[in-house]
Amino acid sequence: MPIKIFSRVLGLVLCSNALTVYLASHSIRTVVVTTLGCSLLLQLAYFASVLFLIWRSSCASRAGQRLEHFGTCKEVGSEPPDFDEVTSESADLLQRDQMLAISLLLP
């Protein structure tokens, strides 16, 4: 967000806060204290959001570095199993599980 837009929004929020507090309390002292408190809270929130964005970008860059590191490693030489091998193994496991279930039902 450009500083020009940020400063306009900040001024709008602080002025609306001051006007609302003055209409509710009719006290200039309360308006000044509340507006200063509001500006402090807004600055803390802005600072915390900047710290969060820095932390998030550092996590993303570390994850990208890890991905690059693992992408450059040599393959071990193992190939993924063929689809037919996987389906025949799963069919064998299913048949074994069915036989086990039947044997548990028999006395």
Side-chain angles (χ1 to χ4, degrees):
M1 176 184 295
I3 189 72
K4 192 174 185 180
I5 295 173
F6 175 75
S7 61
R8 285 182 182 173
V9 170
L10 182 65
L12 181 68
V13 168
L14 291 177
C15 287
S16 64
N17 178 44
L19 183 65
T20 304
V21 170
Y22 182 73
L23 291 175
S25 68
H26 298 291
S27 171
I28 298 294
R29 182 173 183 219
T30 307
V31 169
V32 171
V33 170
T34 307
T35 304
L36 288 175
C38 182
S39 69
L40 181 65
L41 286 175
L42 287 172
Q43 288 175 12
L44 287 174
Y46 179 75
F47 183 69
S49 66
V50 169
L51 287 179
F52 174 74
L53 290 174
I54 291 170
W55 173 75
R56 191 174 69 174
S57 68
S58 69
C59 287
S61 67
R62 276 189 266 139
Q65 288 173 353
R66 280 191 218 121
L67 183 61
E68 287 177 6
H69 174 70
F70 288 123
T72 58
C73 293
K74 291 184 178 180
E75 293 291 326
V76 176
S78 64
E79 296 179 7
D82 292 335
F83 181 71
D84 295 332
E85 292 176 9
V86 172
T87 55
S88 66
E89 288 177 8
S90 62
D92 292 341
L93 289 173
L94 182 62
Q95 184 179 9
R96 188 190 79 199
D97 288 344
Q98 287 176 347
M99 291 178 67
L100 180 63
I102 291 172
S103 69
L104 289 174
L105 292 174
L106 296 175

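Put simply, I28 and V33 are part of two different groups of oily side chains (I, L, V, M, F, W, Y) that touch within less than 4.5 Å, one to the next. Put simply, L10 and I5 are part of the same group of oily side chains (I, L, V, M, F, W, Y) that touch within less than 4.5 Å, one to the next. In this structure, I3 is not a member of the same hydrophobic cluster as L12, with clusters built from ILVMFWY side-chain heavy atoms closer than 4.5 Å. Following chains of ILVMFWY side-chain contacts shorter than 4.5 Å, one cannot reach L53 starting from F47, and the two form parts of different hydrophobic clusters. No path of Ile, Leu, Val, Met, Phe, Trp and Tyr side chains, each step under 4.5 Å between heavy atoms, connects V13 with L41, placing them in separate hydrophobic clusters.
For L36 against S39, the heavy-atom pair with the smallest separation is O-OG, 2.8 Å.
Here CG of L14 is found 11.5 Å from OG1 of T34. Values are rounded to the nearest 0.5 Å.
Side-chain atoms of C38 and L42, non-hydrogen and from C-beta on, do get closer than 4.5 Å to each other.
A donor-acceptor contact shorter than 3.5 Å links the side chain of S57 to the backbone of I54.
Ring-plane geometry between F52 and W55 is classed as tilted, the angle between the planes lying from 30 to 60 degrees on a 0 to 90 degree scale.
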